[in-house]
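What's counted below: heavy atoms across the whole structure, side chains too, no hydrogens, waters or symmetry copies.
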Amino acid sequence: MTKKRLWGLSLLLSILALLIEAVVAYVVAVVHGFTQEPPSLGGGSVMFVFFLPVVAVFGTAVAGVVSVVLVLPTVRLSAVLGRRFGGREAWWWVPAVAAAVSLVLVVALSGGSGPVGIAVAWPLTTAALTVPALLWRSRRERIFGPVLLWGLVSVVLTAVLGGAGLATGIIPEYRPPAVASAELVGRWSDGLGGTLTFTADGRVSAVDVGAEDDDDDGGDDSDSEPDACTGQGTWSYEAGEDTRSQVLTIDIPPCTFGYWNIGGREGRPTLYQYVGDPDSGDLYELTKTSGGP
């Protein structure tokens, strides 16, 4: 008769599996971030390493809660259903129960994301729940070491494949469109009444640029974000070594900002600045509405 593993060891194994899945998901998210606009400034990775001990403790606690609240009930329910309908416990009941639990969880937490979002999240959540549940019910001895080893291999392999995909172009890395000075001439709008109008002789006029930031702050904190700007000044454009280093410089005395990044896609470039922490992903963005070639 196979000896049952202690409950504490099963819990530890489940936590390990969930942590490995979380790290793999983080690596995938980082790789995916390189395909999205605007380009990341890379500060998030540094901060993540700096806070790694805190993140590890918090992640372990969350994994423990998920193990008790979701993984253990999945294991117990699959065992009950296996004995009820098959006369014995069977491993294939685990993914079936995990799929049912995941569907309820995804629908409850979908927040109106729609059928497409649910269709994507459901199999991912099912897989994430199935793996620790299968490990929990496994009665193999000395399984912790192999799980840790193969978990590390999966993390490294995901990172290597992601990096290779970006380097070879198999995974298309986002790059801003190349623009010329003539393409910047014309009016650019934030869609809320703020505009920048560039002329070919190097002059620029601003009307309520940054007003969106003032509305978000309630107009009380003048130091947290740039004030809305209205005025006239000059502008210049530097192409840089590549499209990532393109910089548009604006000099309007009332304005508290001067440098704008080039974003968007070919045929629809945008001008943007990060609002607050660049890693937050919040942007103040302008799109071209008239003028120019």
Could you check Val94 against Val75 for side chain to side chain contact (heavy atoms under 4.5 Å, CB included), going step by step and ending with a plain yes or no?
CA-CA 6 Å; Val94 172; Val75 174; 5.8 Å; no

For Glu266 against Ala178, the heavy-atom pair lying closest together:
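Closest approach of Glu266 to Ala178, heavy atoms only: OE2-N, 3.6 Å.
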
Note: Leu13 and Leu135 closest approach over all heavy atoms is CD2-O, 3.5 Å

Mark yes or no for whether [X], through its side chain, and [Y], through its backbone, hold a donor-acceptor pair below 3.5 Å.
X	Y	answer
Gln246	Thr243	yes
Ser102	Trp122	no
Lys288	Ser189	no
Trp188	Phe198	no
Ser154	Gly151	yes
Tyr259	Ile250	no

Would you give the length of the straight line joining atom CD1 of Ile252 to atom CZ of Arg203, rounded to the nearest 0.5 angstrom?
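Interatomic distance, Ile252 CD1 to Arg203 CZ, rounded to 0.5 Å: 9.0 Å.
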
Decide whether Ser14 and Ser67 meet the rule of one side-chain donor and one side-chain acceptor closer than 3.5 Å.
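Yes - a donor-acceptor pair under 3.5 Å links their side chains.
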
Parallel, tilted or perpendicular for Trp260 and Tyr284, by the 30°/60° rule?
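It falls in the tilted class, 30° to 60°.
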
Any [X] side-chain heavy atom under 4.5 Å of [Y] side chain:
X	Y	value
Leu248	Leu271	yes
Glu285	Asp190	no
Trp136	Ser78	no

So that I can tick it off, tell me whether Glu173 and Arg244 are bridged by a salt bridge, with the cut-off set at under 4.0 angstrom between side-chain N and carboxylate O.
yes

Test Leu129 against every option in Leu105, Leu134, Thr74, Leu124 by the side chain to side chain contact (heavy atoms under 4.5 Å, CB included) rule and name the one that passes.
Thr74

Under 6.0 Å from the CZ atom of Arg265, do we count more than 12 heavy atoms belonging to anything else shown?
yes

Are Leu18 and Val65 connected in the hydrophobic side-chain network, where two residues link if heavy atoms are under 4.5 Å apart?
yes

